[in-house]
Protein chains: 2
Amino acid sequence: MSPTEDAASSMVTLADIAARAGVSMSTVSRALNRPGMLPAATEKHIRRIAAELGYRPNRAARALSTGQSDLVLVVVPDIANPFFPRLLRAAQRTLIDAGLYGVLVDTSDSPETETRLIREVARNTHGIINMSSRLVADDLIALSKEQPLALINREVPGVPGILLDAEAGIQAGLERLVDLGHRRFAYVRGPAVSWSNRRREEAVRGYLARDTTLGLVTVDPGDSTFDGGVLAAESVAVSGVTAVQVFDDVMAQGVIHGLLTLGLRIPEDISVLGCDGTLAPSIRGTLATVALDYEEAGALAARTLIQLRRGVEVPQPHIRVPGSFLPGTTIVQAPSPQEVTGVDSRADVPAGADSPLAATDR
Amino acid sequence: MSPTEDAASSMVTLADIAARAGVSMSTVSRALNRPGMLPAATEKHIRRIAAELGYRPNRAARALSTGQSDLVLVVVPDIANPFFPRLLRAAQRTLIDAGLYGVLVDTSDSPETETRLIREVARNTHGIINMSSRLVADDLIALSKEQPLALINREVPGVPGILLDAEAGIQAGLERLVDLGHRRFAYVRGPAVSWSNRRREEAVRGYLARDTTLGLVTVDPGDSTFDGGVLAAESVAVSGVTAVQVFDDVMAQGVIHGLLTLGLRIPEDISVLGCDGTLAPSIRGTLATVALDYEEAGALAARTLIQLRRGVEVPQPHIRVPGSFLPGTTIVQAPSPQEVTGVDSRADVPAGADSPLAATDR
DNA sequence: ATGAAAGCGCTAACAG
DNA sequence: CTGTTAGCGCTTTCAT
């Protein structure tokens with residue numbers, strides 16, 4: 001059979017059912033939307049007829065009447081960034097199960113576009129799931145006062161947020177590295193504006209601070225891409241570290257590529273730890289990384305939003321979904337001590353061609 | 001400023017503008033929706049007031065009145081499959097520019113779910129973009145009679161479709177391989193149901209048929225994943241080929257992994273050519289592949305749908321968007337002839353552990 | 001327990 | 001050229 005009813009039956013209206021059942025429209029409406037309000041017999045009768053006729057509510061009419069849409073705006077800076085698809089999938093499935101529909105909007109990483117599109121689209125939605133928003137906190141707070149708003153990877157006071165927190169995974173990875181004899185580490189940064197980046201650097205810094213014999217160098221590439229990683233590799237190479245934690249997997253691939261090009265061996269000379277687990281399904285068993293629970297986080301965001309739509313106060317506004325260490329072949333025993341070179345300048349230096357020098361900062 | 005108007009002003013209605021402008025609602029409606037119908041002066045005046053008040057149309061009301069929604073259903077088998085995000089992004093941007101909104105639905109690769117969700121959601125949308133649909137042709141034909149329908153990677157008679165056609169890229173890649181001295185090739189298949197897979201195999205077969213000295217072996221893994229690729233590697237290894245075209249990049253990574261595990265060298269012993277270019281932004285410069293133009297295809301699908309919504313007959317129902325060969329380090333000179341082993345069984349054999357034997361089929 | 005009726009915001013005849 | 005009017009399909013008082 002055809003996947004939708006034919007044109008005629010898809011236009012079945014409450015009035016049609018009412019006529020057929022010999023009751024009024026309001027009765028039909030009640031039977032369908034307020035289970036238990038009517039005598040069980042009539043309710044069942046009406047529901048049967050509705051089913052027979054293949055009735056599907058006209059959402060626009062309902063929205064107009066109630067002033068409440070079943071549309072949820074889902075905002076993403078870049079759908080093609082492998083960080084988002086699994087989140088989207090989980091959120092979308094949860095929404096569908098609740099009878100809600102997600103309108104997907106890609107903001108091209110631009111706060112202006114984000115503002116414009118939200119303003120344009122949000123008029124006709126009820127609820128927003130905003131992933132890795134590029135807006136400033138104040139805008140998000142203001143937005144959350146107009147409409148239910150659930151954030152992903154933003155920690156804004158008073159606004160519910162789901163946080164994909166790599167800390168535990170990063171620290172487990174670092175622990176493994178320390179056990180393997182590594183003492184000098186680099187962290188290659190991601191986008192400065194990103195909550196994830198700040199959080200990850202904190203995690204690295206926090207873990208290494210436990211032991212004063214451990215050293216950290218941070219590298220600030222211009223660009224959080226594969227190419228940025230390639231560039232960052234120069235700084236990593238001269239920094240004398242034996243292990244590097246990179247902001248995400250794509251950059252980590254760039255770092256590896258860059259290090260190999262510079263004549264270093266991976267992992268013999270330098271161990272590399274990525275983050276996100278986005279490449280795992282495609283290129284398994286190579287890059288050690290931190291796997292994030294996208295399914296859980298996406299579903300949580302949707303569930304939070306559904307609560308907010310219902311007017312339920314969300315008790316715990318910020319939920320952290322922990323990531324876990326995913327071993328790989330890019331991590332091995334630290335090279336023997338005499339091969340390790342120390343560095344001791346102090347300021348962070350961008351990994352540009354001119355100043356390919358990284359610096360210790362603790 | 002806040003990204004949306006405040007609650008009060010976001011509820012500005014046509015009547016408000018009419019009152020403020022001292023005209024009737026219909027005049028306002030005309031000024032806003034039928035540019036040029038009114039005297040330029042009044043139109044401008046009304047538009048100014050509307051802008052001042054921060055008017056945003058209530059789409060539900062408009063939909064109810066016109067019987068036409070500005071929602072477009074976008075159906076995808078699996079958002080997390082890297083084949084789709086860039087298509088989605090392009091389609092979504094084109095839709096937004098046309099004032100339309102995409103409701104995203106993921107069918108979990110299941111035709112049943114696809115049918116159910118389309119039936120449920122399509123009632124309230126006008127137009128469907130269906131990517132790599134799992135439905136049978138008849139269902140799609142039926143669906144296209146109820147609502148504008150644009151397909152991606154499905155070739156269904158009478159239904160407009162955009163086809164990401166890897167043929168040209170595959171053939172350019174094969175040509176390169178032939179120039180490098182390769183004579184015996186394998187094709188590792190993707191999902192049997194997939195249009196892409198059939199088309200790609202055809203492309204390989206068609207190209208190699210030009211020269212009777214060229215041989216082809218096909219391998220049928222159980223599963224179109226990284227692991228399927230690993231399994232397929234066994235058959236590839238024993239087939240005596242020196243070059244292999246794999247259905248897609250993810251499987252190609254699996255094949256490479258499998259071949260390496262079996263002790264073969266890549267690319268010295270076997271050259272590998274992937275397809276899709278999905279891994280290119282993350283792992284550049286390694287896998288030779290066929291880059292597809294997702295941006296063009298996604299935009300074309302959206303534009304086609306927009307035409308259909310306007311009642312415009314689409315002249316050329318099936319548009320092929322050609323892919324192009326993307327060189328990589330997995331392709332080199334064929335090993336010297338004496339190293340090459342021939343195979344000459346004839347039937348396709350699944351690449352299972354029990355029968356790790358591939359077969360020549362032309 | 002059920003029906004009648006008003007109205008959500010907008011569009012589209014139909015008048016003037 | 002512009003205003004009046006009647007719905008679109010549904011929910012929701014308010015009566016009965």
Side-chain angles (χ1 to χ4, degrees), chain A residues 5 7-47 49-50 53-71 99 120 122-126, chain B residues 5 7-47 49-50 53-71 99 122-126 309:
Chain A
E5 309 300 320
S9 68
S10 82
M11 297 317 276
V12 177
T13 173
L14 276 195
D16 299 333
I17 303 175
R20 191 87 124 63
V23 296
S24 75
M25 276 177 55
S26 16
T27 304
V28 178
S29 175
R30 284 167 189 135
L32 264 28
N33 304 313
R34 305 249 195 271
M37 191 193 193
L38 266 43
T42 33
E43 179 178 324
K44 232 179 89 182
H45 178 224
I46 292 176
R47 282 176 172 278
I49 295 190
L53 265 41
Y55 171 74
R56 328 220 140 255
N58 180 326
R59 310 250 164 203
R62 180 176 294 173
L64 183 55
S65 176
T66 60
Q68 249 209 101
S69 167
D70 54 3
L71 259 30
E120 186 180 318
R123 165 74 161 85
N124 299 288
T125 59
H126 183 45
Chain B
E5 309 300 321
S9 68
S10 83
M11 296 318 276
V12 177
T13 174
L14 276 195
D16 299 333
I17 303 177
R20 191 85 123 64
V23 295
S24 77
M25 276 177 55
S26 20
T27 303
V28 178
S29 175
R30 284 167 190 134
L32 264 28
N33 303 312
R34 304 252 195 271
M37 194 194 192
L38 266 42
T42 32
E43 179 178 324
K44 234 179 87 183
H45 178 224
I46 293 176
R47 281 176 173 277
I49 295 188
L53 266 41
Y55 171 73
R56 329 225 137 253
N58 179 327
R59 310 251 163 202
R62 181 178 292 174
L64 183 56
S65 175
T66 60
Q68 250 207 93
S69 167
D70 54 2
L71 260 30
R123 165 75 161 89
N124 299 289
T125 59
H126 182 46
R309 279 178 52 109

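Worth knowing before you read on, the calculation uses all heavy atoms, side chains too, and leaves out hydrogens, waters and symmetry mates. Please read these numbers as outputs of a predicted model, since none were measured by experiment. Every chain is numbered from 1, with letters handed out A, B, ... down the list of sequences.
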Tell me: [atom1] of [X] to [atom2] of [N], nearest whole Å?
X: M25(B); N: dG7(C); atom1: CE; atom2: C1'; result: 12 Å
X: N58(B); N: dT11(C); atom1: CG; atom2: C1'; result: 13 Å
X: E43(B); N: dT2(D); atom1: CD; atom2: C1'; result: 14 Å
X: L14(A); N: dC8(C); atom1: CG; atom2: P; result: 19 Å
X: M37(B); N: dC1(D); atom1: CE; atom2: C1'; result: 9 Å
X: D16(A); N: dC8(D); atom1: CG; atom2: P; result: 11 Å
X: I46(A); N: dG3(C); atom1: CD1; atom2: C1'; result: 12 Å
X: H45(B); N: dT2(D); atom1: NE2; atom2: P; result: 12 Å

Just to confirm, is there a sub-4.0 Å distance from OP1 or OP2 of [N] to any side-chain nitrogen or oxygen of [X]?
X: S24(A); N: dG3(C); answer: yes
X: T13(A); N: dG9(D); answer: no
X: R34(A); N: dT12(D); answer: yes
X: T27(A); N: dT2(C); answer: no
X: R62(B); N: dG9(C); answer: no
X: N33(B); N: dT11(C); answer: yes

Please compare L64(B) and S26(B) by the position of their nearest nucleotide in DNA chain D and report the one closer to 5'.
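That would be S26(B).
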Quick one: the side chain of T42(A) and the base of dA1(C), do they pair up donor-acceptor inside 3.5 Å?
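Looking at the base of dA1(C), it does not pair with any donor or acceptor on the side chain of T42(A) (distance under 3.5 Å).
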Side-chain-base donor-acceptor pair under 3.5 Å for R30(A) and dG3(C)
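Under the 3.5 Å cut-off, the side chain and the base do form a donor-acceptor pair.
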Please find the pair of heavy atoms, one from L71(B) and one from R309(B), that lie closest to each other, and give the distance.
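Scanning both residues, the minimum pair turns out to be O-NH1, 3.9 Å.
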For P35(B) against R47(B), the heavy-atom pair lying closest together:
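Minimum heavy-atom contact is CG-NH2, 3.8 Å.
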Which residue in the set L53(A), I46(A), V12(A) passes side-chain contact (heavy atoms from CB on, under 4.5 Å) when paired with R20(A)?
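Only one of L53(A), I46(A), V12(A) forms a side-chain contact (heavy atoms from CB on, under 4.5 Å) with R20(A), namely L53(A).
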Contact between L14(B) and Y55(B) at the side-chain level, heavy atoms closer than 4.5 Å - yes or no?
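In short, these two side chains touch, coming nearer than 4.5 Å.
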Return yes if a side-chain donor-acceptor contact under 3.5 Å exists between S29(A) and S26(A), otherwise no.
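Result is no, nothing qualifies.
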Given dC10(C), dT2(D), dT12(D), the nucleotide with the shortest approach to the side chain of L38(B)
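Taking heavy atoms from C-beta onward, the closest nucleotide is dT2(D).
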